[in-house]
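Here's the structure we're looking at; comments come further down.
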Amino acid sequence: DGLAAEPTVDRATGRIAWIQWPAMTMPWDDGLLFVARLELEGTRLSLRAPQRLDGGRGCAAGQPVWLADGSLAYVTEGAGYWQPWRCDRDGVVRRLIGSCAEFQLPRWTTCRWLAGGSTDLTLVCAFADADGEHVGTLDPDGALEELDQPCVRVDGVAADAASIAWVGATTRAQGAVFCATRASPSIHAAMPSSHLAVSRNERRVAADEAPEPESFEFDHEGVKLTGVRWAPTGHMASGTPPPLVVAVHPGPTGATDRSHSPLVHLLCAHGFAVASVDYSGSTAHGRRHRERLLGRYGELDVAECTAAATHLVNDGFADGRCTFIRGTSAGGTTALLALCSGVFAGAVAWYPASRFDDDAGGLGFEAGYLSALLGDDAASRSPVSRAGQMKGSVLIVQGADDDVVDPADTAHLADRLGQHLADVTSVVVPGEGHGFRTATGRALALGYELDFYRRLAVTRIGIDARCDSSTSDAILRRGAL
């Protein structure tokens with residue numbers, strides 16, 4: 001009764017570990033870690049003596065890894081954060097490290113942040129905290145050593161007895177494969193190029209071109225929240241705060257991404273400041289922070305992103321007359337609802353959820369997810385229902401082949417917004433789905449979004465936000481790759 005994932009087998013003992021979770025929940029809600037013995041009966045494998053090792057009852061486990069001595073390492077949040085634990089062959093369980101960091105991402109995919117492969121039982125890991133994402137090694141006694149490496153976003157780690165590898169992105173490149181040898185004496189210091197190999201697929205941006213992320217903090221309802229901001233690199237009038245775009249991460253279980261973004265690069269080159277917020281519901285701050293959004297999606301996330309914009313304006317970082325908000329998927333929904341605050345001049349939403357209905361019913365991976373986020377009176381809080389309360393301009397970008405957000409729903413939303421707002425543009429991109437995949441589609445959508453901000457910057461504060469056309473074209477091409 002539910003779903004299962006992440007099966008991993010210990011070939012030496014014939015044992016298997018996996019994660020499963022009940023129907024109508026998500027794996028980060030109540031992910032259960034099970035172990036069993038594999039037995040071959042004729043041509044059929046069967047599971048013998050399955051038992052729950054961890055997870056459930058408000059605690060989610062994940063990423064089981066068998067180690068060389070037959071023990072099992074995994075991640076669980078019994079102490080409030082996704083931290084590595086280890087169960088030895090006698091069934092004794094202990095936590096390896098108690099730092100306030102997350103060693104796992106929400107299991108939308110099976111991206112692994114925990115890997116074994118070492119005879120001395122040292123784990124290779126990635127982890128996230130308030131300062132971003134990191135790569136490190138964790139020895140059997142729980143000593144964590146962070147690798148000196150360039151990635152600020154980590155998409156996965158792997159290891160064998162001799163090497164470790166990870167996929168990640170830096171502040172100057174969208175993504176690459178990195179590897180290092182375990183034997184390198186400099187692995188925990190500044191890695192020399194002879195020990196750190198970067199795939200040739202990395203597309204780097206010149207250091208003087210790339211905007212640099214800067215952390216900031218603010219309070220909302222007595223809760224300290226964190227975010228990242230990028231100052232404009234393009235020309236602005238002297239002494240004039242720049243226009244601001246608040247980028248809402250999707251999920252809403254995502255997190256601020258400090259790595260190079262063609263959109264951030266494009267906006268900063270045209271004189272815009274950009275910010276992103278780890279609002280309630282985000283990863284990297286523990287279960288309590290993530291669950292704060294349950295029953296309040298469309299309200300608390302909106303209030304916190306709005307509070308972030310107000311903080312940055314009051315701090316002199318941005319011009320309050322020309323502040324925008326944008327997002328994709330769930331982030332786009334938050335962006336639209338933020339127009340009800342009167343703080344933002346406009347919103348850009350890529351394939352947003354426009355009506356709050358849990359269409360998955362009792363089936364499928366996301367069944368029950370939206371209902372848990374929304375709580376009571378969900379329909380009255382949707383963008384379609386609140387269209388009459390919104391103020392400002394709107395750009396909606398929708399993929400024609402989206403099988404998650406129905407293009408017909410987006411068309412209906414655009415019509416409803418057009419009944420109340422004077423400036424609503426809806427762009428349907430052929431051949432794209434939920435998350436644009438083609439170079440042509442991405443470049444087209446980015447171009448529409450940039451033009452939207454530039455037009456409103458002229459009308460709101462009289463600034464024609466532009467940069468050299470060759471620079472702009474190069475960024476658009478890079479973003480389309």
Side-chain angles (χ1 to χ4, degrees), residues 1-97 102-117 121 123-126 138 140 156-159 253 283 286-287 290-291 360 362-369 372:
D1 181 22
L3 299 173
E6 302 186 63
T8 180
V9 175
D10 181 10
R11 296 184 180 182
T13 63
R15 290 179 297 166
I16 183 173
W18 72 95
I19 304 298
Q20 68 182 55
W21 58 98
M24 302 301 288
T25 69
M26 302 302 287
W28 53 86
D29 294 328
D30 293 294
L32 301 157
L33 172 61
F34 278 85
V35 293
R37 187 173 300 279
L38 279 174
E39 290 190 2
L40 183 63
E41 299 176 343
T43 59
R44 182 179 179 182
L45 280 173
S46 61
L47 300 178
R48 294 297 184 190
Q51 59 179 331
R52 182 177 68 85
L53 180 61
D54 208 323
R57 297 187 297 273
C59 170
Q63 299 188 91
V65 177
W66 293 106
L67 301 180
D69 67 344
S71 61
L72 182 67
Y74 60 95
V75 171
T76 188
E77 55 180 357
Y81 287 80
W82 274 315
Q83 299 163 336
W85 292 60
R86 181 178 165 219
C87 177
D88 67 21
R89 297 193 63 170
D90 295 324
V92 178
V93 176
R94 69 181 182 90
R95 184 172 62 173
L96 293 178
I97 188 170
E102 306 258 53
F103 290 74
Q104 176 170 287
L105 293 172
R107 313 310 281 161
W108 289 103
T109 66
T110 53
C111 156
R112 296 196 70 89
W113 273 14
L114 201 65
L121 311 184
L123 291 164
V124 174
C125 58
L138 185 65
V157 300
T253 53
T283 301
R287 187 177 183 106
R290 197 172 70 247
E291 289 190 333
L363 301 173
F365 178 72
E366 293 188 46
Y369 178 50

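These values consider heavy atoms only, across backbone and side chains, with no hydrogens, waters or symmetry-generated copies. Positions are given from 1, in the same order as the sequence printed here.
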Take I16 and T8, measure what side chain to side chain contact (heavy atoms under 4.5 Å, CB included) needs, and give me the verdict at the end.
CA-CA 6 Å; I16 183 173; T8 180; over 6 Å; no
Would you mind checking if R86 and D69 are paired as a salt bridge, meaning a charged N to carboxylate O distance below 4.0 Å?
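Result for this pair is yes, salt bridge flagged.
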Below 4.0 angstrom, N of the basic side chain to O of the carboxylate: do R290 and E77 qualify?
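Between E77 and R290 there is a salt bridge, with a charged N closer than 4.0 Å to a carboxylate O.
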Any idea which heavy atoms bring [X] and [Y] closest together, and the distance?
X: D30; Y: W21; result: O-CB, 3.9 Å
X: P84; Y: I97; result: CD-CG2, 3.5 Å
X: L67; Y: G116; result: CD2-CA, 4.3 Å
X: Q63; Y: L114; result: OE1-N, 3.1 Å
X: R52; Y: L32; result: CD-CD2, 3.3 Å
X: A68; Y: L121; result: N-CD2, 3.8 Å

Flag side-chain contact, heavy atom, 4.5 Å: [X] against [Y]:
X: R107; Y: E6; answer: yes
X: L72; Y: D10; answer: no
X: R89; Y: R15; answer: yes
X: W85; Y: V93; answer: yes
X: V35; Y: Q51; answer: yes
X: V157; Y: C125; answer: no

Counting heavy atoms not belonging to R44, are there more than 12 under 6.0 Å from its CZ?
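Open.
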Do F34 and W18 have ring centres separated by under 6.0 Å?
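Yes, they do, as the ring centres are separated by less than 6.0 Å.
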Establish, yes or no, whether a centroid distance under 6.0 Å links the rings of W28 and W108.
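Ring centroids of W28 and W108 are less than 6.0 Å from each other.
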Let me see the working for T283 and Q104 under side chain to side chain contact (heavy atoms under 4.5 Å, CB included), right down to the final yes or no.
CA-CA 9 Å; T283 301; Q104 176 170 287; over 6 Å; no
Main-chain N/O of T13 paired to R37 side chain as donor or acceptor, under 3.5 Å
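Yes, R37 side chain to T13 backbone: donor-acceptor pair under 3.5 Å.
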Could you please spell out the steps behind the side chain to side chain contact (heavy atoms under 4.5 Å, CB included) verdict for M26 and Y369?
CA-CA 7 Å; M26 302 302 287; Y369 178 50; 3.5 Å; yes
